[in-house]
Amino acid sequence: MISAAWTSVALLLSASVASAAFNPTGNTNLVAYWGQNSYGATHTSDTANWQTNLAHYCQDDVVDVFPLAFLNVFFGIGDLPEINFANTCNDVDDAVFPGSDLANCQFMASDIQTCQAAGKIITLSLGGATGADTFTSESQAEDFADLIWDLFLGGTSTTRPFGDAVLDGLDLDIEGGGTANFAAFVTRIRTLAEGASKPYYITAAPQCPFPDANLDTVLNAVGFDAVYVQFYNNFCEVSNFNVPGDWDFDEWDNWAKTVSPNPDVKVYIGAPASSTAASNGFVDASTLGSILQTTKATFSSFGGAMLWDISQAYANGRYDEAVKSALLGGSSAPTTTVGTTTTRSTTTSSNVSSTSSVSTSSVATNGDCAGVAAWVSTVAYEGGSQVTYNGHLWTAKYWSEADVPGGAAGDWTDDGACTTSGTLVPAAVSSTFSAASTTAAHVSSDASSASTASVQIRPSAPSASATQAASSVVISSSVSAVISPSVSVKAPSASSSAAASASSSVAAPAAPASSSAAATVSSAVPVAASGSAQNQPSSAAVSSQISSSINLTATASSVAAQPSSASNATNVTTMTHASNDTGASAVKRSRVFRF
């Protein structure tokens with residue numbers, strides 16, 4: 001039986017590490033992601049509190065599991081994957097294995113082994129907000145599993161990024177592309193782990209709206225040891241725990257007991273470790289502690305808590321300690337608890353875990369396209385978002401980016417032909433548009449310079465300094481000229497004529513991307529002129545280019561704002577891949593965050 005197999009895993013762990021704090025069948029475990037220097041991404045000048053070496057966080061019994069975030073590219077140069085651990089190890093600032101972009105992080109071996117000796121579980125998280133690799137066939141998935149086994153787990157290879165350190169398993173944080181053939185990948189890893197000298201764990205990090213848009217298929221096909229559900233940046237976030245119809249842990253509990261191939265799978269409550277770790281969903285430690293204890297006492301599938309991320313937790317007065325203390329208190333639910341399914345709306349909040357977030361002021365009825373913006377491929381839409389495309393009104397079923405309405409992905413519901421025309425709705429960009437405070441949720445780096453080479457962070461909430469600016473920026477979603485050289489914005493590239501013009505009020509929306517782009521910026525927002533917005537600065541110059549307030553950089557030539565057609569704009573809050581570099585590696589991410 002499958003459940004018996006998971007029990008044997010737990011017994012093996014107990015026998016091999018008698019002092020281990022982690023208990024795969026327990027309900028007091030604390031998981032904290034390490035690797036993306038989320039705090040550094042949102043606090044670029046406070047380098048003293050940036051992410052440090054892994055072993056630093058293993059000196060007490062607070063955190064039990066550290067997923068290393070992320071392996072963000074499956075098939076890179078030389079058919080080898082790529083890993084990115086922000087300011088600690090990446091393919092720009094560190095050596096790579098010959099003929100590849102796979103960073104050589106063998107200096108981390110001793111840290112990993114130190115944490116394991118202290119009873120911690122160290123796994124490798126695959127994906128992140130920008131990780132959207134897929135498998136074209138089961139055989140490709142199985143071959144990739146063999147490779148991952150040899151590079152990071154119990155196999156052997158001359159190309160081992162962590163040297164002789166052997167990780168304890170894998171975590172799937174797949175936030176794009178779907179999970180076709182991932183079941184074959186997981187099954188192959190399970191087969192390779194049979195008879196091994198230690199247990200290997202397989203976990204996943206779905207978003208809280210049930211079912212998860214990307215992980216649902218694989219979660220229902222093969223057994224996982226745990227799911228670290230991201231209860232933030234969505235309507236079902238921890239801050240909505242007391243909102244009827246929003247909080248949906250019961251649905252995950254029901255899935256665990258009635259659908260999952262492993263009926264003993266544990267469900268964790270994932271939460272941001274500070275207000276700057278996610279766009280939405282943060283609650284103070286006392287509130288989260290109460291939620292954890294209530295859930296622990298109600299649902300037997302409850303396994304503990306997950307935090308994004310450890311750098312944020314440490315900088316936030318050791319938020320992780322308070323969470324662990326709460327987990328150790330309270331009562332536990334009887335093991336006979338049975339979950340039930342509750343029908344809920346899938347409309348999410350206006351914050352998105354990706355490089356862009358979409359908001360709408362109202363929900364249009366069938367065919368009524370008035371005030372609804374046109375679909376844009378570079379925008380990440382949340383469930384319930386509406387767009388116009390090919391003369392029809394469409395509603396997103398769940399989080400979607402780059403998937404055409406009516407396309408094979410099936411992300412959109414066709415609400416029928418437009419009976420009224422769509423109108424241009426300019427995008428409202430958050431006043432936290434700065435390298436220090438706007439990052440996307442698990443975003444990994446694919447940049448070629450050290451200044452943009454690192455971090456996948458979950459979308460950040462407004463920083464205090466940015467909020468005090470009390471300024472708003474209105475920018476068309478088709479304009480991407482307003483980017484600082486140290487910030488890579490996932491939006492259409494600015495043309496040579498793109499620019500931003502300062503104004504004390506909101507002016508006309510910018511022209512579509514096909515014409516010269518322009519943006520209207522509030523007078524409270526400083527606009528710094530520089531060279532091409534596409535230039536990548538060297539790492540040494542980054543710190544001087546990042547402001548704790550709003551910095552928008554346009555090309556040196558200026559262009560007046562131009563009116564645009566009604567079909568070429570959308571409501572967008574642009575998120576950035578922000579560099580936090582001062583000579584070390586940088587920052588790039590999202591759950592929303594997607595994660």
Side-chain angles (χ1 to χ4, degrees), residues 35-37 67-109 123-153 155-163 165 167 170-182 184-186 188-189 214 354-355 401-402 440 442-457 488 490 536 539 577 579 585-590:
Q36 286 304 302
N37 188 27
L68 308 182
F70 295 98
L71 184 153
N72 58 300
V73 175
F74 287 9
F75 306 106
I77 297 174
D79 289 328
L80 287 176
E82 297 174 20
I83 53 179
N84 185 310
F85 303 123
N87 61 323
T88 300
C89 186
N90 63 75
D91 64 338
V92 174
D93 301 315
D94 298 275
V96 297
F97 288 96
S100 77
D101 277 340
L102 177 59
N104 186 334
C105 305
Q106 293 182 348
F107 65 88
M108 289 177 55
T123 63
L124 179 63
S125 187
L126 279 59
T130 61
D133 283 293
T134 58
F135 300 121
T136 58
S137 66
E138 289 189 355
S139 61
Q140 184 188 46
E142 291 168 347
D143 289 344
F144 187 66
D146 290 338
L147 179 64
I148 295 300
W149 178 260
D150 288 339
L151 267 56
F152 301 101
L153 303 175
T156 58
S157 173
T158 56
T159 306
R160 285 187 65 88
F162 300 132
L167 298 183
L170 301 173
D171 172 62
L172 300 185
D173 181 17
I174 308 303
E175 303 193 18
T179 52
N181 300 306
F182 269 76
F185 171 78
V186 173
R188 179 60 179 165
I189 293 292
N214 287 291
S354 114
T355 54
E401 181 178 11
H442 288 175
V443 174
S444 72
S445 167
D446 54 0
S448 59
S449 82
S451 66
T452 57
S454 53
V455 198
Q456 283 198 17
I457 36 185
S488 172
K490 188 172 182 180
Q536 298 288 352
S539 61
H577 290 187
S579 170
S585 65
V587 182
K588 276 183 128 187
R589 169 162 204 117
S590 151

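Positions are given from 1 along the sequence. These numbers come from the heavy atoms of this one structure, side chains and all, not from hydrogens, waters or symmetry mates.
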For [X], give me all partners under side-chain hydrogen bond (donor to acceptor under 3.5 Å, both in side chains), at least two apart in sequence or on another chain.
X	answer
Thr136	Gln140
Asp150	none
Gln106	none
Ser137	Ser139

Checklist entry - Where do Asn84 and Asn90 land on the side-chain contact (heavy atoms from CB on, under 4.5 Å) test, with the steps shown first? => result CA-CA 5 Å; Asn84 185 310; Asn90 63 75; 4.3 Å; yes
Minimum heavy-atom distance [X]-[Y], with the two atoms named:
X	Y	result
Gly128	Glu175	O-CB, 3.7 Å
Pro81	Leu147	CD-CD2, 3.8 Å
Leu153	Leu167	CD2-O, 3.7 Å

Checklist entry - Quick one: salt bridge (Lys or Arg N to Asp or Glu O under 4.0 Å) partners of Asp143, sequence neighbours excluded? => result none
Checklist entry - Taking only residues two or more places apart in sequence, or in another chain, which ones meet Arg160 in a salt bridge (Lys or Arg N to Asp or Glu O under 4.0 Å)? => result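 Counting only residues at least two positions away or on another chain, Arg160 forms no salt bridge (Lys or Arg N to Asp or Glu O under 4.0 Å).
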Item to check | Flag, side chain of Ser125 to backbone of Phe70, donor-acceptor distance under 3.5 Å | outcome: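 Not at all, since once roles are kept as given, no pair shorter than 3.5 Å links the two residues.
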Next on the checklist: Between Asn181 (side chain only) and Ala184 (backbone N and O only), is there a donor and an acceptor less than 3.5 Å apart?
Outcome noted: no
Quick one, [X] and [Y] - any side-chain contact, counting heavy atoms below 4.5 Å?
X	Y	value
Leu170	Trp149	no
Ile83	Phe152	yes
Cys105	Asp94	no

Next on the checklist: Test of understanding: with side chain to side chain contact (heavy atoms under 4.5 Å, CB included), list the residues that count as partners of Val96, not counting sequence neighbours.
Outcome noted: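 Val96 satisfies side chain to side chain contact (heavy atoms under 4.5 Å, CB included) with Asp91 only.
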Next on the checklist: Tell me every residue that passes side chain to side chain contact (heavy atoms under 4.5 Å, CB included) with Ala109, counting only those two or more places apart in sequence or in another chain.
Outcome noted: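 Scan of Ala109 (side chain to side chain contact (heavy atoms under 4.5 Å, CB included), adjacent residues dropped) gives Asp164, Ala165.
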Next on the checklist: Return the CG to CD1 distance between Asn214 and Ile174, rounded to the nearest 0.5 Å.
Outcome noted: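 Going from CG on Asn214 over to CD1 on Ile174, the span is 8.0 Å.
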Item to check | Sequence neighbours excluded, every pair satisfying ring pair (Phe, Tyr, Trp, His ring centres under 6.0 Å) that has a member inside residues 124-148 | outcome: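 Passing the test, one end in residues 124-148: Phe74-Phe135, Phe74-Phe144, Phe75-Phe144, Phe135-Phe144, Phe135-Phe182, Phe135-Phe185, Phe144-Phe185.
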